[in-house]
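What you see below is based on every heavy atom in this structure, not just the backbone, and it leaves out hydrogens, waters and symmetry mates. Indexing begins at 1, ligand by ligand and atom by atom, following the structure's order.
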Amino acid sequence: MDFAFNPEQELLRTTLAAFAGRELAPHYAARDQGTDLPRDLVRRLGAMGLLAPMVPVEYGGQALDYVSTGIAFEEISRADINAGYVLLLSALVGAIVMARGDDRQKHAMLPAICAGDVVTALAVTEPSGGSDAAHVKLAARREGDGYTLEGEKSGISLASWADTAIIMARTGTYDQGAHGVSAFYVDLHSPGISRSRLKDLGTRAIGRGQLFFDGVRVPAAARIGAEGAGFVQVMQGFDFSRSLIGLMCLATAQQSVDESCKYVADRQVFGGSLARFEGVSFPLAEAAVKLRAARLLCYEALWLKDQGKPHGWVAAGAKWWAPELAAQVLHQCLLLHGHLGFTMDLPHQQRMRDVIGLEIGDGTAQIMKLLVARAIIGDTARGY
Ligand SMILES: Cc1cc2nc3c(=O)[nH]c(=O)nc-3n(C[C@H](O)[C@H](O)[C@H](O)COP(=O)(O)OP(=O)(O)OC[C@H]3O[C@@H](n4cnc5c(N)ncnc54)[C@H](O)[C@@H]3O)c2cc1C
């Protein structure tokens, strides 16, 4: 067993840590104002090879392994988790197109995503439900040489400014459930599409929002994979991303733990350092151990993915545990800063609000636990 990053991975980590500390961290507080991430930042992330990095070189990617991809997610999110979302959505969409697209689609779609010229999103959730993703209602009617999309997506990361999205749409009947759903790669600037932005608690720079489709025409060539196979494809794509989401949240919390350790060591009260009280140092000790354990779980899932081994329930477990743990740790860091922690001047409150979103996004804790239970108990634990 070897827990160490290899020399290339260690170089990636230190290079990105320096970049993120210099270029992202100073702007993190401003990202809370609700304006989109700058386009030139997205292109810069693309130029650094961080967008859909697992995509092969011939399609514009870096052919990066998943553990290294996790390192990139950690170092970027430690400074600004909003930027981590751009990495996440490009990785998800890139992986889906790579796995299910034909060669023409890969050449047409992937280089622009990898370069950051196109900001892409993934739209599954609808007003009628997100957990029950197999029952999406947005309709894709076959008409002539293409499809017409009619309906609504809700709660979609990057929706208010993305250029493209994979849209999960119903091509079959409602009763067919997951088997009546297809995936389409849609230009969000197409006629008939409108958007609105949600007023979110955190990660405001990602512009989560609604997408409305009113008779939107898409060519048949926009369909990724076979008709009716969309849901299964996207669910497979979600597996590895759950570990990446875990790392995004843990890195965000780790930054606050590091800052809190310094704060309690420096602060003088009752004639000495605040850190000498176990009521102060033990919560940080506990946070350090729990974050480390959850981080290992995330990396184990990515390592399994790199080995081509099953990793589904491990990644689902990471997606449940890591955001919840990160939110708890950030709450504790906020409290350890006393009244200052309660001000908007310190970042712990922003980080805590930011990670809470990922307790919900990409599947809630309950849904993740259902997946774990089903894997370890079997289909009798299916629940629905
Ligand atoms: C920050 C953020 C980013 C997001 N980004 C995206 C995105 O990019 N693309 C996208 O498609 N969606 C996105 N979403 C939406 C997200 O995936 C859904 O909100 C989520 O799947 C839950 O769906 P819902 O909101 O409809 O809640 P519901 O499905 O209505 O669930 C409500 C509550 O009931 C619980 N529940 C539901 N079913 C069960 C069950 N069978 N057993 C036990 N408990 C259950 C849930 O856990 C939850 O607590 C995002 C959400 C957030 C907050």
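Within the structure, ligand 1 lacks Ala121 among the residues with a heavy atom less than 4.0 angstrom away. The shortest separation from a heavy atom of Thr203 to ligand 1 is not under 4.0 Å, leaving the residue out of contact.
Remark: Tyr85 pairs with no residue by the ring pair (Phe, Tyr, Trp, His ring centres under 6.0 Å) rule, at least two apart or across chains. Taking the side-chain contact (heavy atoms from CB on, under 4.5 Å) definition, one finds that Leu296 meets it with Phe3, sequence neighbours left out.
With respect to the salt-bridge test (charged N to carboxylate O, under 4.0 angstrom), the residues Arg170 and Glu126 do not qualify. Between Lys106 and Glu58 there is no salt bridge, since no side-chain nitrogen of the basic residue lies less than 4.0 Å from a carboxylate oxygen of the acidic one. Ion pairing between a basic and an acidic side chain is recognised when a charged N comes within 4.0 Å of a carboxylate O; Asp80 and Arg31 show such pairing.
Close N/O approach between Gly155 and ligand 1 is found [any backbone or side-chain N/O within under 3.5 Å]. Any N or O atom pair closer than 3.5 Å counts here, and Leu122 shares at least one such pair with ligand 1. Considering backbone and side-chain atoms together, Thr125 places an N or O closer than 3.5 Å to an N or O of ligand 1. The shortest N/O to N/O separation between Gly357 and ligand 1 does not fall below 3.5 Å.
Only the side chain of Arg208 comes within 4.0 Å of ligand 1, judged by heavy-atom distances. When non-hydrogen atoms are compared, ligand 1 lies under 4.0 Å from the backbone of Ile360 as well as from its side chain.
In this structure a side-chain-to-backbone donor-acceptor pair under 3.5 Å is missing from Thr364 to Ile360. A donor-acceptor pair is defined here as one N or O able to donate and one able to accept, closer than 3.5 Å; such a pair exists between the side chain of Thr14 and the backbone of Glu10.
Counting atoms of ligand 1 from 1 in the listed order, those under 4.0 Å from a heavy atom of Asp362 are 17 (O). Of all atoms in ligand 1, listed by their number and element, those nearer than 4.0 Å to a heavy atom of Gly129 are 26 (O). Of all atoms in ligand 1, numbered sequentially from 1 with element shown, those under 4.0 Å from a heavy atom of Tyr85 are 1 (C).
No cation-pi contact links Arg223 to Phe184, judged by a cut-off of 6.0 Å to the six-membered ring centre and 45° from its axis.
One option in Ser157, Gly361, Gly130, Ser154 has a heavy atom closer to atom 8 (O) of ligand 1 than any other, and that option is Ser157.
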